[in-house]
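All remarks here apply to the structure that follows.
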Amino acid sequence: MSSATSPFPARIELTGEGLVLRDWTESDLSAMPALFDDPDVAYWTPLVSPFDRQAAATRLERDRKLRAEGTTILLAITLDGGAPLGEVMLRRLPDGVELGYAVGPAHRGQGLAVRAVRVMAAYAFEELEVERAVLELEAENAASVAVAERAGFTLLDVPLIEGQEKGRPFVLQTWELTRTS
């Protein structure tokens with residue numbers, strides 16, 4: 001099977017850069033609103049807002065469905081496998097993977113997103129054997145642009161991705177990290 005169609009493992013735990021990226025569990029449902037019910041998360045990501053315990057349960061169910069389909073992995077960002085501080089996402093693309101992340105407001109400024117993106121990219125390169133990882137970011141999202149730069153991604157000179165989400169237009173730039181970067 002090719003990496004584009006093979007299923008993901010039922011359980012995933014990735015370690016590196018002082019982090020443990022692990023599966024979300026039912027015991028995390030009460031912690032998720034404090035991470036994701038935030039104006040910045042609501043504005044810059046497709047996560048629902050307000051993000052309450054029901055939204056957390058729906059997200060966990062959707063996470064498990066997408067993983068079973070072999071399309072997407074959502075992992076909790078932790079320091080030690082315990083309390084979640086945010087989330088990192090990997091979505092398969094025809095020519096690599098797209099990564100994404102959200103860090104809870106109380107945990108920003110610690111380099112969690114940069115480190116989680118690097119760990120997830122390493123997983124994609126080593127385990128899924130893809131050649132490229134991309135981030136799709138709005139240029140105005142200075143924090144995410146800084147994450148892309150600090151994680152070693154390069155802004156590509158490709159057409160911008162335009163769309164609308166939650167009633168607001170967006171324009172995304174594509175940033176790339178290759179296996180040989």
Side-chain angles (χ1 to χ4, degrees), residues 2-4 6-25 28 31-32 35-36 38 40-41 43-47 59 63 66-67 70-158 161 172-181:
S2 77
S3 64
S6 61
F8 292 121
R11 299 203 42 77
I12 298 176
E13 183 174 284
L14 307 176
T15 58
E17 305 249 356
L19 299 177
V20 176
L21 307 180
R22 63 161 175 82
D23 294 314
W24 288 105
T25 67
D28 296 319
M32 291 171 83
L35 300 174
F36 304 136
D38 172 71
D40 287 334
V41 172
Y43 188 82
W44 297 114
T45 76
L47 291 172
R59 184 149 180 86
D63 165 31
L66 293 171
R67 180 177 307 183
T71 61
T72 305
I73 304 169
L74 299 167
L75 298 177
I77 301 170
T78 76
L79 296 177
D80 56 6
L85 310 175
E87 173 176 87
V88 64
M89 179 270 305
L90 177 147
R91 178 180 301 126
R92 291 182 198 237
L93 300 173
D95 62 344
V97 297
E98 176 189 359
L99 304 179
Y101 48 85
V103 174
H107 311 292
R108 294 182 187 144
Q110 303 173 42
L112 296 172
V114 172
R115 294 184 284 155
V117 164
R118 286 195 295 235
V119 171
M120 194 65 106
Y123 171 78
F125 297 146
E126 296 163 16
E127 300 297 323
L128 303 180
E129 300 179 345
V130 300
E131 296 299 320
R132 72 189 292 252
V134 298
L135 294 169
E136 294 176 346
L137 312 172
E138 293 184 65
E140 297 80 17
N141 186 344
S144 281
V145 168
V147 167
E149 291 171 341
R150 289 178 48 213
F153 283 70
T154 303
L155 179 60
L156 297 180
D157 185 16
V158 297
I161 301 164
L172 302 175
Q173 300 174 324
T174 303
W175 292 74
E176 177 185 66
L177 181 70
T178 61
R179 182 191 293 250
T180 58
S181 293

At their closest point, which heavy atom of [X] faces which heavy atom of [Y], and how far apart are they?
X: W24; Y: L74; value: CD1-O, 3.6 Å
X: A148; Y: L137; value: CB-CD1, 3.7 Å
X: F125; Y: V130; value: CD2-O, 3.3 Å
X: L19; Y: R115; value: CD1-CB, 3.5 Å
X: I77; Y: A116; value: CD1-CB, 3.7 Å
X: Q173; Y: L155; value: CB-CD1, 3.6 Å

- Between L47 and R59, is any pair of side-chain heavy atoms under 4.5 Å apart?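 Heavy-atom side-chain distance check passes, below 4.5 Å.
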- Task: Please test L14 against V88 for side chain to side chain contact (heavy atoms under 4.5 Å, CB included), starting from the C-alpha separation and ending with a verdict.
- Result: CA-CA 11 Å; L14 307 176; V88 64; over 6 Å; no
How long is the span from the [atom1] atom in [X] to the [atom2] atom in [Y], to the nearest 0.5 Å?
X: R67; Y: I73; atom1: CZ; atom2: CD1; value: 6.0 Å
X: T154; Y: W175; atom1: OG1; atom2: CH2; value: 8.0 Å
X: L66; Y: L90; atom1: CG; atom2: CG; value: 11.5 Å
X: I12; Y: Y123; atom1: CD1; atom2: OH; value: 4.0 Å
X: L21; Y: M120; atom1: CG; atom2: CE; value: 6.0 Å
X: T45; Y: E87; atom1: OG1; atom2: CD; value: 9.0 Å

- Message: Let's go through L128 and F8 carefully: what are the C-alpha distance in whole Å and the side-chain angles of both, what is the deciding distance for side chain to side chain contact (heavy atoms under 4.5 Å, CB included) to 0.1 Å, and is it a yes or a no?
- Response: CA-CA 9 Å; L128 303 180; F8 292 121; 4.0 Å; yes
- Please, which pairs that meet salt bridge (charged side-chain N to carboxylate O under 4.0 Å, His left out) have at least one residue in residues 137-150, sequence neighbours excluded?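 Output for this query lists E138-R168.
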- Task: Tell me, please, which residues at least two apart from E13 pass side chain to side chain donor-acceptor pair (under 3.5 Å).
- Result: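 None.
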Please list, one pair per line, the donor and acceptor atoms closer than 3.5 Å that link side chains of residues 98-112 to other protein atoms, with sequence neighbours excluded.
residue: E98; atom: OE1; partner: R91; partner atom: NH1; Å: 2.9
residue: Y101; atom: OH; partner: S144; partner atom: O; Å: 3.4
residue: Y101; atom: OH; partner: S144; partner atom: OG; Å: 3.1
residue: R108; atom: NE; partner: V103; partner atom: O; Å: 2.9
residue: R108; atom: NH1; partner: D38; partner atom: OD2; Å: 3.3
residue: R108; atom: NH1; partner: D40; partner atom: OD2; Å: 3.4
residue: R108; atom: NH2; partner: D38; partner atom: OD2; Å: 2.8
residue: R108; atom: NH2; partner: V103; partner atom: O; Å: 3.0
residue: Q110; atom: NE2; partner: H107; partner atom: O; Å: 3.2

- Task: Evaluate the side chain to side chain contact (heavy atoms under 4.5 Å, CB included) criterion for residues V20 and L79: first the C-alpha distance (whole Å), next the side-chain angles of each, then the deciding distance (0.1 Å), finally the verdict.
- Result: CA-CA 6 Å; V20 176; L79 296 177; over 6 Å; no
- Test applied, side chain to side chain donor-acceptor pair (under 3.5 Å); reference residue, R22; option that passes from T15, D28, T78: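 So, applying the side chain to side chain donor-acceptor pair (under 3.5 Å) to R22 and each of T15, D28, T78, only D28 qualifies.
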- Would you indicate whether D80, at its atom CG, is surrounded by more than 12 heavy atoms from other residues, nucleotides or ligands within a distance under 6.0 Å?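 Yes, the 6.0 Å shell around CG holds more than 12 heavy atoms from other groups.
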